[in-house]
Amino acid sequence: MFYLSLIEHKMLLPPRLLNLPLQDAIKEELQNIFLDKVISKLGLCISIYDIRKIDGGFISPGEGASTYTVEFRMIVFRPFVGEIISAKLKESTADGLHLSLGFFDDINIPAGLIQKPSRHVPDPENRYKVLWVWEFNGEEFFVDGIDEIRFKVISVAYPPTPIEQQGEPFAPMVITGSIDGDGLGPVSWWQ
């Protein structure tokens with residue numbers, strides 16, 4: 001789920017950071033550049049772990065910033081296919097479930113990957129939403145958002161960045177999951 005990735009990056013160090021020790025100034029600028037951003041095929045950048053090497057310090061003509069090549073390690077979030085993760089219900093619609101880890105919200109469980117046989121019923125508390133119900137041995141089990149939901153990662157996609165953005169915000173990394181299997185779904189189902 002979390003990986004330590006080695007990255008080499010050429011960066012400009014703004015003059016406003018020159019009052020700090022070089023290592024601290026570079027780390028602060030790397031955090032501004034990378035944290036909470038998704039790098040395609042790498043994952044969501046969580047934290048700068050350490051700086052391994054700093055080269056350069058050249059100031060190009062007409063520039064007020066010095067240029068450095070930095071080799072550093074960063075902690076990234078990138079679940080692997082088949083991994084089991086626990087999340088909270090963010091939204092329940094006729095298309096499926098949308099889950100959140102707190103720091104990452106683009107997790108979708110399509111209707112076809114919910115325990116079978118399942119159906120959705122109108123949510124009595126919100127007329128624009130639905131509740132999913134799994135029917136098993138004559139009992140009904142609801143996905144109601146009270147418990148954590150355990151899901152299996154089916155795919156991790158990095159959609160191309162749209163040229164023009166319309167409507168919904170763009171998600172640079174989308175996880176598709178499944179709760180169709182033993183031990184998956186709300187944890188209360190299995191206690």
Side-chain angles (χ1 to χ4, degrees), residues 1-5 7 31 34-49 73-162 165-191:
M1 181 181 324
F2 294 98
Y3 293 91
L4 199 56
S5 295
I7 297 173
Q31 288 172 338
F34 290 104
L35 293 193
D36 293 330
K37 296 191 177 62
V38 173
I39 298 174
S40 186
K41 308 294 184 212
L42 186 62
L44 174 66
C45 303
I46 302 293
S47 175
I48 304 298
Y49 184 74
R73 292 189 297 176
M74 182 168 38
I75 298 171
V76 295
F77 167 71
R78 182 184 68 234
F80 58 87
V81 172
E83 184 173 3
I84 306 295
I85 301 175
S86 292
K88 291 296 250 178
L89 181 66
K90 182 179 173 189
E91 184 180 34
S92 180
T93 66
D95 296 328
L97 305 172
H98 304 281
L99 307 180
S100 173
L101 295 172
F103 64 91
F104 184 79
D105 291 341
D106 297 312
I107 304 168
N108 301 313
I109 311 293
L113 296 176
I114 295 176
Q115 290 278 13
K116 293 172 184 65
S118 290
R119 61 184 165 80
H120 57 83
V121 296
D123 186 343
E125 295 177 15
N126 187 340
R127 65 184 178 139
Y128 300 108
K129 304 291 180 203
V130 299
L131 289 175
W132 280 90
V133 183
W134 174 41
E135 298 167 1
F136 182 72
N137 287 344
E139 289 188 62
E140 291 185 335
F141 297 92
F142 289 86
V143 180
D144 52 16
I146 295 172
D147 296 322
E148 281 195 336
I149 296 172
R150 214 172 273 139
F151 71 96
K152 182 178 186 177
V153 176
I154 300 299
S155 70
V156 179
Y158 301 90
T161 306
Q165 192 166 330
Q166 308 126 351
E168 280 188 29
F170 171 68
M173 180 169 86
V174 178
I175 298 171
T176 302
S178 169
I179 61 169
D180 188 12
D182 291 342
L184 302 177
V187 293
S188 63
W189 290 0
W190 306 103
Q191 294 176 346

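Computed over heavy atoms, backbone and side chain alike; hydrogens, waters and symmetry mates excluded.
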Spacing of [atom1] belonging to [X] relative to [atom2] belonging to [Y], to within rounding of 0.5 Å:
X	Y	atom1	atom2	answer
M1	L101	CE	CG	7.0 Å
I146	K88	CD1	NZ	9.0 Å
L89	K129	CG	NZ	10.0 Å
L97	F151	CG	CZ	11.0 Å
D144	L131	CG	CG	7.0 Å
H98	D105	NE2	CG	11.5 Å

Where [X] and [Y] come nearest, the two heavy atoms and their spacing:
X	Y	value
V81	S155	CG2-CA, 4.2 Å
P110	G177	CD-O, 3.6 Å
L44	V38	CD1-CG2, 3.9 Å
I149	I179	CG2-CG2, 3.9 Å
V174	P159	CG2-CG, 4.2 Å
P79	V153	CB-CG2, 4.0 Å

With a 4.5 Å limit on heavy-atom distance, are the side chains of [X] and [Y] in contact?
X	Y	result
D106	M173	no
L35	I46	no
W189	Q115	yes
D180	I114	no
L99	K90	no
I39	C45	yes
I85	I175	no

Test item: [X] side-chain N/O and [Y] main-chain N/O as donor-acceptor pair under 3.5 Å:
X	Y	answer
S92	V130	yes
T93	D95	yes
E148	P186	no
W132	A94	no

Inset, instruction - Could you label the plane-to-plane angle of the F77 and F103 rings as parallel, tilted or perpendicular, counting under 30° as parallel and over 60° as perpendicular? - result: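 Because their plane-to-plane angle is over 60°, the rings of F77 and F103 count as perpendicular.
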Inset, instruction - Evaluate the ring planes of W134 and W190, with Trp represented by its six-membered ring, and classify them as parallel (under 30°), tilted (30 to 60°) or perpendicular (over 60°). - result: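 Rings of W134 and W190: tilted, as their planes differ by 30° to 60°.
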Inset, instruction - Take atom CZ of F2 as the centre, draw a 6.0 Å sphere, and report whether it contains more than 12 heavy atoms from other residues, nucleotides or ligands. - result: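 Check passes, neighbour count above 12.
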Inset, instruction - Determine, for Y3 and R78, whether the Lys NZ or Arg CZ falls below 6.0 Å from the six-membered ring centre while staying within 45 degrees of the axis. - result: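 Yes, R78 and Y3 form such a contact.
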